A.B. asks: 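Quick one: structure below, then a few questions.
Please read all numbers here as calculations on a predicted model, not as lab measurements.
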Amino acid sequence: MADALDMETLGEELPLLEGIRTARAIRRLRPDPVPPALIRKVCEAGTFAPSGGNRQPWKFIAVTDPERRRWVADRYRPMFREYIADAVEAARDPAFPESRRRMQRAAIHLAEHLHEAPVHLFVAGWTRRGQPQLQALMPCVMNVLLACRAVGLGASLTTLHRNFGAECDAWLNLPENCPTCALLPIGWPLGRYGRPPRKSVDECLFFERYDPARDGR
């Protein structure tokens with residue numbers, strides 16, 4: 001599959017708004033490798049995010065070695081199990097929404113198979129005044145996710161690795177003032193992109209002032 005890809009043109013034809021509307025989280029991934037040139041392409045998209053003063057604080061660390069990916073997964077998995085335990089118990093209720101149950105199953109699958117995801121892309125960034133520059137880093141992450149959608153890669157965002165963040169950052173050889181803020185497992189999708197369920201924008205869009213009578217919550 002990878003040998004036939006034209007990196008220059010891949011993903012360039014996808015309309016922007018279609019990509020935004022259909023870039024759902026893909027948590028079931030094939031173990032097949034992703035070409036380094038394609039990793040570079042989606043990270044390049046991240047660098048076009050806005051940043052205050054054009055500081056461009058982001059750094060990307062793509063972990064592809066199987067043993068290094070297992071190192072991440074072995075630490076992520078028990079923390080995820082603890083994190084989701086209450087939700088798993090709640091899902092035993094027959095009234096629990098099936099859409100949330102499906103999403104939960106996908107998240108569990110990712111945690112249990114994280115070592116198989118061919119790319120663990122960490123997004124890190126220089127701090128400013130002691131704080132992560134999330135106002136730049138999160139748009140950068142979103143650009144990477146949208147680029148993955150455009151080129152046909154599956155991806156999702158997790159920050160749970162921050163529970164062992166100091167250890168992980170040191171393992172990635174990052175300085176203390178350049179911590180990771182996100183982990184994106186990336187690979188060829190087993191599922192398909194498509195529109196995720198969303199409320200109508202009319203339930204959350206207000207002009208001039210907020211109207212609680214129209215709030216769709």
Side-chain angles (χ1 to χ4, degrees), residues 1-2 5 7 9-51 56-64 69 72-73 76 80 99 102-111 113-114 116-125 132-162 165 168 172 179-199 201:
M1 181 195 301
L5 297 177
M7 302 300 173
T9 61
L10 188 64
E12 301 293 336
E13 72 287 351
L14 182 71
L16 175 61
L17 291 180
E18 179 184 349
I20 290 173
R21 293 184 184 118
T22 59
R24 67 189 310 156
I26 302 289
R27 297 184 175 94
R28 300 178 187 272
L29 304 169
R30 302 179 187 275
D32 311 66
V34 176
L38 204 50
I39 300 172
R40 180 186 181 279
K41 183 165 189 170
V42 300
C43 289
E44 182 187 40
T47 69
F48 283 92
S51 62
Q56 305 178 56
W58 37 72
K59 300 294 175 187
F60 307 96
I61 301 92
V63 176
T64 60
R69 287 186 278 126
V72 176
Y76 183 95
F80 177 83
S99 60
R102 287 196 303 270
M103 189 162 40
Q104 186 183 100
R105 287 196 297 264
I108 292 171
H109 176 89
L110 176 64
H113 296 267
L114 186 60
E116 298 174 6
V119 182
H120 292 179
L121 182 64
F122 290 91
V123 180
Q133 298 182 62
L134 296 180
Q135 75 279 11
L137 295 175
M138 285 308 168
C140 170
V141 167
M142 192 66 233
N143 275 12
V144 174
L145 292 171
L146 288 171
C148 286
R149 164 67 183 93
V151 302
L153 290 170
S156 60
L157 163 65
T158 178
T159 59
L160 192 62
H161 78 287
R162 290 306 311 163
C168 185
L172 292 169
T180 57
C181 70
L183 164 59
L184 281 60
I186 297 174
W188 301 107
L190 282 169
R192 293 181 299 174
Y193 277 111
R195 291 196 179 204
R198 290 291 186 269
K199 299 176 183 177
V201 67

A.B. asks: Would you check, one step at a time, whether the test side-chain contact (heavy atoms from CB on, under 4.5 Å) holds for C181 with T159?
C.D. replies: CA-CA 7 Å; C181 70; T159 59; over 6 Å; no
A.B. asks: Please list all pairs passing the ring pair (Phe, Tyr, Trp, His ring centres under 6.0 Å) test where one or both residues lie in residues 135-162, with sequence neighbours left out.
C.D. replies: F122-H161
A.B. asks: Nearest 0.5 angstrom please: T180 OG1 to I61 CD1, how far?
C.D. replies: 7.5 Å
A.B. asks: Under 3.5 Å, sequence neighbours excluded: what are the donor-acceptor pairs made by side chains of residues 135-151?
C.D. replies:
| unit_1 | atom_1 | unit_2 | atom_2 | d |
| --- | --- | --- | --- | --- |
| N143 | ND2 | A45 | O | 3.0 |
| R149 | NE | T22 | OG1 | 2.8 |
| R149 | NH2 | T22 | OG1 | 3.2 |

A.B. asks: Going from CD1 on I39 to CD on E44, what distance comes out if it is rounded to the nearest 0.5 angstrom?
C.D. replies: 14.0 Å
A.B. asks: Quick check: closest heavy atoms across L110 and S156, and the distance to 0.1 Å?
C.D. replies: CD2-OG, 3.7 Å
A.B. asks: Which heavy atom of G19 sits nearest a heavy atom of L14, and at what distance?
C.D. replies: CA-CD2, 3.6 Å
A.B. asks: Return the minimal non-hydrogen interatomic distance between A111 and F80, and the atom names on each side.
C.D. replies: CB-CD2, 3.3 Å
A.B. asks: I'd like to check L153 versus L38 (side-chain heavy atoms, cut-off strictly below 4.5 Å). Are they in contact?
C.D. replies: yes
A.B. asks: With respect to P185, which candidate in V72, L121, L29, V119 satisfies the side-chain contact (heavy atoms from CB on, under 4.5 Å) definition?
C.D. replies: L29
A.B. asks: Could you tell me whether R105 atom CZ has more than 12 heavy atoms of other residues or ligands within 6.0 Å of it?
C.D. replies: yes
A.B. asks: Report yes if some heavy atom in the side chain of T158 is under 4.5 Å from a heavy atom in the side chain of Y76; otherwise report no.
C.D. replies: yes
A.B. asks: Is R195 salt-bridged to E18, going by a charged N under 4.0 Å from an acidic O?
C.D. replies: no
A.B. asks: I need the minimum non-hydrogen distance between A106 and R27, along with the two atoms involved.
C.D. replies: O-CB, 3.6 Å
A.B. asks: Could you pull out the closest heavy-atom pair between T47 and W58, with the gap in Å?
C.D. replies: O-CZ2, 3.2 Å
A.B. asks: Taking K41 for its side chain and G11 for its backbone only, find out whether a donor-acceptor pair lies under 3.5 Å.
C.D. replies: no
A.B. asks: Walk me through whether R28 and E116 qualify under salt bridge (Lys or Arg N to Asp or Glu O under 4.0 Å).
C.D. replies: CA-CA 10 Å; R28 300 178 187 272; E116 298 174 6; over 6 Å; no
A.B. asks: Which residues satisfy the salt bridge (Lys or Arg N to Asp or Glu O under 4.0 Å) test with K59, sequence neighbours excluded?
C.D. replies: none
A.B. asks: Looking only at heavy atoms, which two atoms of P189 and R30 are closest? And how far apart?
C.D. replies: O-NE, 3.5 Å
A.B. asks: We want to know whether R69 and H120 form a side-chain donor-acceptor pair, criterion being a heavy-atom distance below 3.5 angstrom.
C.D. replies: no
A.B. asks: Evaluate side-chain contact (heavy atoms from CB on, under 4.5 Å) for R24 paired with I26, printing each intermediate quantity in order.
C.D. replies: CA-CA 6 Å; R24 67 189 310 156; I26 302 289; 4.2 Å; yes
